[in-house]
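Since we're looking at a predicted model, the values are computed, not measured.
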Number of protein chains: 2
Amino acid sequence: MSQNVYEPHNHSHCVDHAIDRARSLCEQRGARLTKVRLRVLELIWQSHKPMGAYELLAILAQEGFNPAPPTVYRALDFLLDLGLVHRLHSLNAFVGCNHPEDQHPACFFVCEQCGKAQELAADKLQALSRQVEELLGVTVNHQLTELSGICPGCKQKALEQ
Amino acid sequence: MSQNVYEPHNHSHCVDHAIDRARSLCEQRGARLTKVRLRVLELIWQSHKPMGAYELLAILAQEGFNPAPPTVYRALDFLLDLGLVHRLHSLNAFVGCNHPEDQHPACFFVCEQCGKAQELAADKLQALSRQVEELLGVTVNHQLTELSGICPGCKQKALEQ
DNA sequence: ACGCCTTGTGTTATATTGTTGCAATTCTAT
DNA sequence: ATAGAATTGCAACAATATAACACAAGGCGT
């Protein structure tokens, strides 16, 4: 885990690093980080709360992008392909990835109260795919673990009331 | 893992056992396994392919239940609450659970080709929640792991072509 | 059995999320 | 410059899920 989103941190660093990584990754792969794609990535990184496609759409609209749903979904597909964002199916939402360089089974904890998502680099999960492949004789292409519950901050707030 | 769905098996046993477990679980919990709820559960168990809500809806309609989306979603919510089915978010679909008695972190492998889903009782996953709780100071309420790929049968078919 | 209350269902409408298909534009390499 | 590929604009639509309120069925004490 590169960082704990439930702890206070200088969030602009998160964003800056993410954009830098995105640029170099795109260059490396010969992919084009266009205006829409870049803006979508920035918006996703503006908080640690996973964002929905239509939420992104609304913001882009305010900014004069004049987009329709496909615009956003295409940008998201692009970012997903490069591993720059993950999709949290249980929320129908998207969140930035901290280490897009290396492919990895995704694992997230999401606070049911504040909505912030923390990615986890659980090494045990790396092994899970191999285990399942042996056990069932299958080939695993994707793996996603989603945990949900209450984060420390929201526990605290609940007590104070 | 109680059984491998990618191996041939007498599927009527799957269904029968599932219904029996459901009945006794409902009795035990003082819950009412009504007509709609029972029928939805049966339909979900008719195959190992997770079913969508509207797929269920269509079948119920043919059977004279005269249902609307809320009917199905309410039945599904009921079954989910009791742990009789799991929801696979990546597919927006529902699949029967083999051991609803004991609460457990769900883990599924789904074949991208044939769609069949195999539940896995990965004991490593039991530990994951506790690990995450310690690491982040959070409280975990739900946990779902979804793997996807190709099952042995579909690999074979691909070769034969 | 009767009424009463709780639970479950029917019904209509609507919200949210995601896709298809095609035209227009922009970029890139020759 | 220009052909070809990639990207975006655009309109319609499909799929999934929920809200709100009325009605019915079943359990329970009297």
For this session: Between C:dT11, D:dA6, D:dA11, spot the one nearest the side chain of A:Pro70, thanks.
Result: D:dA11
Seminar exercise, completed: Winner on side-chain proximity to A:Thr34, out of C:dT11, D:dT8, C:dC27, is D:dT8
For this session: Check B:Val72, B:Leu41, B:Leu43, B:Leu76 against B:Phe94 for a side chain to side chain contact (heavy atoms under 4.5 Å, CB included) and give me the one that passes.
Result: B:Leu76
For this session: Using only heavy-atom distances, determine whether the side chains of A:Glu119 and A:His104 contain a donor-acceptor pair under 3.5 Å.
Result: yes
Exercise. So how far is it from B:Lys49 NZ to B:Cys111 SG, rounded to the nearest 0.5 Å?
Worked result: 10.0 Å
Problem set entry | Donor/acceptor link under 3.5 angstrom from A:Arg74 side chain onto base of D:dG9 | yes
May I have the distance from [X] (atom [atom1]) to [N] (atom [atom2]), rounded to whole angstrom?
X       : N     : atom1 : atom2 : result
A:Leu79 : D:dT7 : CG    : C1'   : 14 Å
A:Leu60 : D:dT8 : CG    : P     : 11 Å
B:Arg29 : C:dT7 : CZ    : P     : 17 Å
B:Leu33 : C:dT7 : CG    : C1'   : 15 Å
A:Phe65 : D:dG9 : CZ    : P     : 9 Å
A:Asp81 : D:dT7 : CG    : P     : 11 Å
A:Asp77 : D:dA6 : CG    : P     : 16 Å
A:Phe78 : D:dT8 : CZ    : C1'   : 14 Å

Between [X] and [N], is there a side-chain N or O to OP1/OP2 distance below 4.0 Å?
X       : N      : answer
B:Arg37 : C:dG8  : yes
A:Asn66 : D:dC10 : yes
A:Thr71 : D:dT8  : no

For this session: Flag yes if A:Tyr73 and A:Leu88 sit in one hydrophobic cluster, no otherwise; membership is Ile, Leu, Val, Met, Phe, Trp, Tyr, and two members link when side-chain heavy atoms are under 4.5 Å apart.
Result: no
For this session: Run the salt-bridge test on A:Glu42 and A:Arg39 with the 4.0 Å N-O cut-off and return the result as yes or no.
Result: yes
For this session: Give me the bend of the helix from C:dA1-D:dT30 to C:dT30-D:dA1, using the axes of the five pairs at each end, rounded to 10°.
Result: 30°
Problem set entry | Check: A:Glu146 side chain, A:His89 main-chain N or O, donor-acceptor pair, under 3.5 Å | yes
For this session: Flag the pair A:His17 / A:His99 as yes when their ring centroid distance falls below 6.0 Å, and as no otherwise.
Result: no
Problem set entry | A:Gln113 CD: over 12 foreign heavy atoms closer than 6.0 Å | no
For this session: Using the six-membered ring wherever Trp is involved, compare the ring planes of B:Phe108 and B:His86 and label them parallel, tilted or perpendicular (cut-offs 30° and 60°).
Result: perpendicular
Give each protein N/O atom lying under 3.5 Å from an N/O atom of nucleotides 15-18 of chain C, with the pair distance.
| unit_1 | atom_1 | unit_2 | atom_2 | d |
| --- | --- | --- | --- | --- |
| C:dG18 | OP1 | A:Arg87 | NH2 | 3.0 |
| C:dG18 | OP1 | A:Asn92 | OD1 | 3.4 |
| C:dG18 | OP2 | A:Tyr73 | OH | 2.7 |
| C:dG18 | O5' | A:Tyr73 | OH | 3.2 |
| C:dG18 | N7 | A:Tyr54 | OH | 2.4 |
| C:dG18 | O6 | A:Tyr54 | OH | 3.1 |

